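What follows is a single structure, written as structure tokens, with notes after it.
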Amino acid sequence: MNTLSSLVEFLQRLEERKIYFKLNKIRDSILVEIAVPGQRWEVEFMADGTIEVEKFISTGTIFDHNEIEVLFRDFSD
């Protein structure tokens, strides 16, 4: 199966199961960003046919508004 067919089939499966996703283009791939409770998935469909999956899983820790300053302190250029 080619990359486009794989991508379309994958998107159909997400839609059938009512799983939220959005599409983006990065480098030479189409990125499917998926949000489910406590997790965020990135599934990349590469031009060469490769499919990569990266999962970001929450520990369940909830922070207060002070954590916003950590974002700016640690991740600003």
Side-chain angles (χ1 to χ4, degrees):
M1 189 180 304
N2 69 34
T3 304
L4 182 58
S5 296
S6 296
L7 174 60
V8 170
E9 178 185 333
F10 181 67
L11 296 175
Q12 287 173 333
R13 291 178 68 191
L14 290 172
E15 288 175 338
E16 288 168 0
R17 289 163 179 82
K18 296 180 176 41
I19 297 173
Y20 175 80
F21 69 91
K22 64 182 180 178
L23 299 176
N24 203 348
K25 187 224 175 274
I26 60 171
R27 297 184 302 270
D28 64 341
S29 69
I30 300 296
L31 174 66
V32 183
E33 298 175 84
I34 302 159
V36 294
Q39 298 184 22
R40 189 172 58 79
W41 293 45
E42 292 182 354
V43 182
E44 283 186 66
F45 290 78
M46 311 287 197
D48 68 2
T50 304
I51 299 172
E52 294 182 351
V53 178
E54 187 170 5
K55 298 192 309 186
F56 303 88
I57 301 172
S58 172
T59 63
T61 303
I62 305 296
F63 300 93
D64 66 17
H65 70 281
N66 293 313
E67 196 68 15
I68 293 171
E69 292 310 313
V70 173
L71 171 70
F72 292 117
R73 181 191 71 221
D74 293 354
F75 300 101
S76 294
D77 286 338

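Position 1 is the first residue of the sequence; numbering continues from there. If you're wondering where the values come from, they're calculated on a predicted model, not measured in any experiment.
- The hydrophobic cluster containing Val8, built from Ile/Leu/Val/Met/Phe/Trp/Tyr side-chain heavy atoms closer than 4.5 Å, also comprises Leu4.
- With rounding to the nearest 0.5 Å, the separation of CD1 in Ile30 from CG in Leu11 is 9.5 Å.
- Here Val70 sits alone; no ILVMFWY side chain lies under 4.5 Å from its own, so it joins no hydrophobic cluster.
- In this structure, Arg17 has no side-chain hydrogen bond (donor to acceptor under 3.5 Å, both in side chains) partners at least two apart in sequence or on a different chain.
- More than 12 heavy-atom neighbours from other residues, nucleotides or ligands sit within 6.0 angstrom of NZ on Lys25.
- For residues 65-75, the set of pairs meeting the side-chain hydrogen bond (donor to acceptor under 3.5 Å, both in side chains) definition, not counting sequence neighbours, comprises Asp64-Asn66.
- With sequence neighbours excluded, no residue forms a salt bridge (charged side-chain N to carboxylate O under 4.0 Å, His left out) with Glu33.
- Not counting sequence neighbours, Ser76 has no partner by the side-chain hydrogen bond (donor to acceptor under 3.5 Å, both in side chains) test.
- With sequence neighbours left out, Glu42 forms a side-chain hydrogen bond (donor to acceptor under 3.5 Å, both in side chains) with Arg40.
- A ring-ring contact (aromatic ring centres under 6.0 Å, His included) check over residues 9-45, counting only residues at least two apart or in different chains, returns the pairs Phe10-Phe45.
- No side-chain donor-acceptor contact under 3.5 Å links Thr50 to the backbone of Met46.
- Annotation: side-chain hydrogen bond (donor to acceptor under 3.5 Å, both in side chains) contacts of Asp28 (sequence neighbours excluded): none.
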**Request:** List the steps and the verdict of side chain to side chain contact (heavy atoms under 4.5 Å, CB included) for Thr3 and Ser6.
**Result:** CA-CA 5 Å; Thr3 304; Ser6 296; 5.6 Å; no
Return a table of donor-acceptor pairs under 3.5 angstrom between the side chains of residues 51-58 and protein atoms on other chains or two or more places apart.
{"unit_1": "Ser58", "atom_1": "OG", "unit_2": "Gly60", "atom_2": "N", "d": "2.8"}

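- Considering only residues two or more places apart in sequence or on other chains, Ile26 meets the side chain to side chain contact (heavy atoms under 4.5 Å, CB included) condition with Ser29, Leu31, Glu44.
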